[in-house]
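To keep things clear, I will list the structure first and then write my remarks on it.
Below, chain A is the first sequence line, B the second, and so on; all start at residue 1.
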Amino acid sequence: MMKTRPLSLSTPITHISKAAFLHLIPFQFATSATERSFSDSDAWEEGEEGDPSPIIQDHDLLRKSNNSPTSLNVLDLIDRGSIEPDPEIYNRLLKRATHMKKLKEGRIIHAHFLGSKFKSDLFILNTIINMYAKCGSLSDAQKAFDEMRLKDMVTWTALITGYAQNDRAEEAIALFPQMLRQGLKPNQFTFASLLKAFGAAQSNERGRQVHAFCVKYGCDLNVYVGSSLLDMYARYGDMKEANLVFDGLSCKNEVSCNALIAGYARKGEGEEAFKQFWKMQRAGFEATHFTYSSVFSSCASIGALEQGKWVHAHMIKSGCKLIAFVGNTLLDMYAKAGSIEDARKVFDRLDKSDVVSWNSMLTGCAQHGRGKEAIQRFEEMLRIGIEPNEITFLCVLTACSHNGLLNEGQFYFELMKRYNVEPKVEHYVTIVDLLGRAGLLDQAQRYINDMPIEPTAAVWGALLGACRMHRNMELGAYAAERVFELDPHDSGPHVLLSNIYASAGRWSDAARVRKMMKDSGVKKEPACSWVEIENSVHMFVANDDSHPQREEIQKMWEKISAKIKEVGYVPDTNYVLLFVDQQEREAKLQYHSEKLALAFALLNTPPGATIRIKKNIRMCGDCHSAIKFVSMVMEREIVVRDTNRFHHFSNGFCSCGDYW
DNA sequence: GTAGGGTTAG
């Protein structure tokens, strides 16, 4: 088994009120509204590029510059004496270069300005720093800053902002004490940027200190500072503090709401993100593409397909255009929430697809067992000239490993060199996984030993998973030891090793591993499944008898069990690794959480409706086999999302081809 | 002249 990060199922929605959705229109994919939304080419322009205010307003001068004055011919007109320069002209030229992100033009204007008699104008010099920062050249901004003899608070703030906006948090942070030493007083602009830097730097303690500074300078209640502040706490994972800041803001706006929603989305707290989304609407704030992006991302992480569809419909209804960024989160949501078909529709309608869109689609294919399609799409992506990055290769390699495409996986790993993408440890994990699943355990071990970088717990974990699959106890134990050395707190490898021993009948070794876990305080997450029925999400744990419908559920499963046994299902008690007799093992096996969820869904959904179940661990082989039979005898499509991938069961088969 | 919120993997 490859060690993978779970699809954030740790905090599922427990209940979503249906009433919350009543005012929304029902979702249908191919409505004309949808079509309009997708085909509106303007939607893809993220509000930039338009020419700002004219540089020259004088009609005679306009004629002299062929009615279309570029910055360069304006400078030429100045040189020829046709225009009397003043700071305002330079200001306009710089504004335009900033707006259009034209660095070269900005440099020429800067040089020209330094040759003018206004070269010491503080106002324009600050504009120049801002221009360089917005054009992404922090080296130019820093140089211009260093060359200034006189600096004011705006000068410092412009540079701090430049670093903060260009992911150089520590440099932004370092400027702040220097600014204070100059005796300059920071304002709300300074704090808004500084807090952004602190949020990115994950520097909890120092962040709190700056919060105190905001209060001291009377800026903490400003909506920009407040939004930045609550965003900072949200990035630290401290939603309690983020909420306190939010509640304290007398003037809230879309941005402060979005920061809060995004905070919950990042934490995987989908239910809270939804609550805030509705609260925001009730308060009269319009959801923006930032909002939708966070909400779709929440739906993706908790696998909430129905809610995701509602929000998609809401977005269309509200007239919010599907810009590129949101399109990517939307397609990712459909793929992660179980509908690869809808993800594909969104992808096919994207006017502009970037590397993120392609990566999301590749991941979708990989997780839905469509390895061949992933490869075709990857080839298509290369053909149309989208540059693959390290994530792209990870997606393709994962698609290969999930589908047993050994040769293809090795081929694409080699292809990384041609695209100058350095393989990282995650890429090596997929190759170990690929070799291991194919049963080439010795080759996988040799591969690890020959790796040019130090193997991590995930690398050994992939070998351990393969050993479990192919029942190689000796190598499994060796791999497990390596994992324990590198990551002693992960319960997964402990459970795997214990199961390897137990399935070989080595009960005392299995018990020893369990004891080792207990002694070192490693806790195994209890296995749970969730199923969504009419906008309510129901949770089940194995052998749970606390559900109000427990008797019906039990009877239902007994009925199903008898039916599927008639057509060939044989319980595989290898997956109940308890020291109990055969009959009792079978009884335990019957009530794995996904079977309870499935029985419940069969009781509470109309015949023929697709059933979607989510799991917080990977499915066991017995449940996998049982659900295949259920899909046949009950004539249902059943989709199970586990931590690793999707299983689409239909008519006795699973999309994973029993390879997972 | 200077400010805050959003995507893909493991």
Review point. Can you tell which of B:dT2, B:dG6, B:dA9 lies closest to the side chain of A:Thr157?
Key: B:dT2

Point to revise | SB check A:Arg206 A:Glu170 (cutoff 4.0 Å) | key: yes

Check your understanding: Given B:dG6, B:dT8, B:dT2, which nucleotide is nearest the side-chain atoms of A:Asn187?
Key -> B:dT2

Review point. Quick one: which of B:dG10, B:dG6, B:dT8 gets closest to the side chain of A:Gln367?
Key: B:dG10

Check your understanding: When all nucleic acid strands are considered with a 4.0 Å heavy-atom cut-off, which category describes A:Lys134: base, sugar-phosphate, or nothing?
Key -> sugar-phosphate

Exercise for review: May I ask you to say what A:Thr392 touches in the nucleic acid, namely base, sugar-phosphate or nothing, with a heavy-atom cut-off under 4.0 Å?
Suggested key: nothing

Review point. Do A:Asn253 and B:dG4 have a side chain to base donor-acceptor pair shorter than 3.5 Å?
Key: yes

Check your understanding: Ignoring hydrogens and angles, are the base of B:dG4 and the side chain of A:Ser228 linked by a donor-acceptor pair under 3.5 Å?
Key -> no

Practice item. Determine whether A:Phe198 and A:Phe176 make a side-chain contact, defined as any pair of heavy atoms from C-beta on separated by less than 4.5 Å. Key: no

Check your understanding: Between A:Phe325 and B:dG6, do the rings stack, that is, sit under 5.5 Å apart with planes less than 30° off each other?
Key -> yes

Point to revise | Nearest-nucleotide pick for A:Asn328, side chain only, options being B:dT7, B:dA9, B:dT2 | key: B:dT7

Revision key, fill the gap. Per atom distances to the A:Val356 side chain, the nearest of B:dT7, B:dT2, B:dA3 is B:dT7

Point to revise | Pair A:Thr392-A:Asn359, side-chain donor/acceptor within less than 3.5 Å | key: yes

Exercise for review: Starting at atom CG of A:Leu260, determine the distance to atom P of B:dG6, rounded to an integer number of angstrom.
Suggested key: 12 Å

**Study point:** Whole angstrom value for the distance that separates P of B:dA9 from CH2 of A:Trp358
**Key:** 17 Å

Point to revise | Protein-nucleotide distance (A:Arg266, atom CZ; B:dG6, atom C1'), rounded to Å | key: 9 Å

Check your understanding: Which nucleotide, B:dT7, B:dA3, B:dT8, lies nearest any side-chain atom of A:Thr329?
Key -> B:dT7

Review point. Only one of A:Glu379, A:Glu373, A:Glu380 clears salt bridge (charged side-chain N to carboxylate O under 4.0 Å, His left out) with A:Arg377; which?
Key: A:Glu373

Check your understanding: With respect to the side chain of A:Val154, which nucleotide from B:dT2, B:dT8, B:dG10 is positioned closest?
Key -> B:dT2

Check your understanding: With respect to the side chain of A:Glu426, which nucleotide from B:dG10, B:dT2, B:dT8 is positioned closest?
Key -> B:dG10

Exercise for review: Just compare B:dG10, B:dA3, B:dG6 and give me whichever is closest to any side-chain atom of A:Ile323.
Suggested key: B:dG6

Practice item. Classify the nucleic acid contact of A:Val225 as base, sugar-phosphate or nothing, counting any heavy atom under 4.0 Å across all strands shown. Key: nothing

Study note, to complete from the structure: Side-chain contact check for A:Ser227: nearest option of B:dT8, B:dG4, B:dG6 is B:dG4

Review point. Looking for any heavy atom pair under 4.0 Å, which part of the strands does A:Gln165 touch: base, sugar-phosphate only, or nothing?
Key: sugar-phosphate

**Study point:** is_close_aromatic(A:Phe393, A:Phe378), centroid dist under 6.0 Å
**Key:** yes

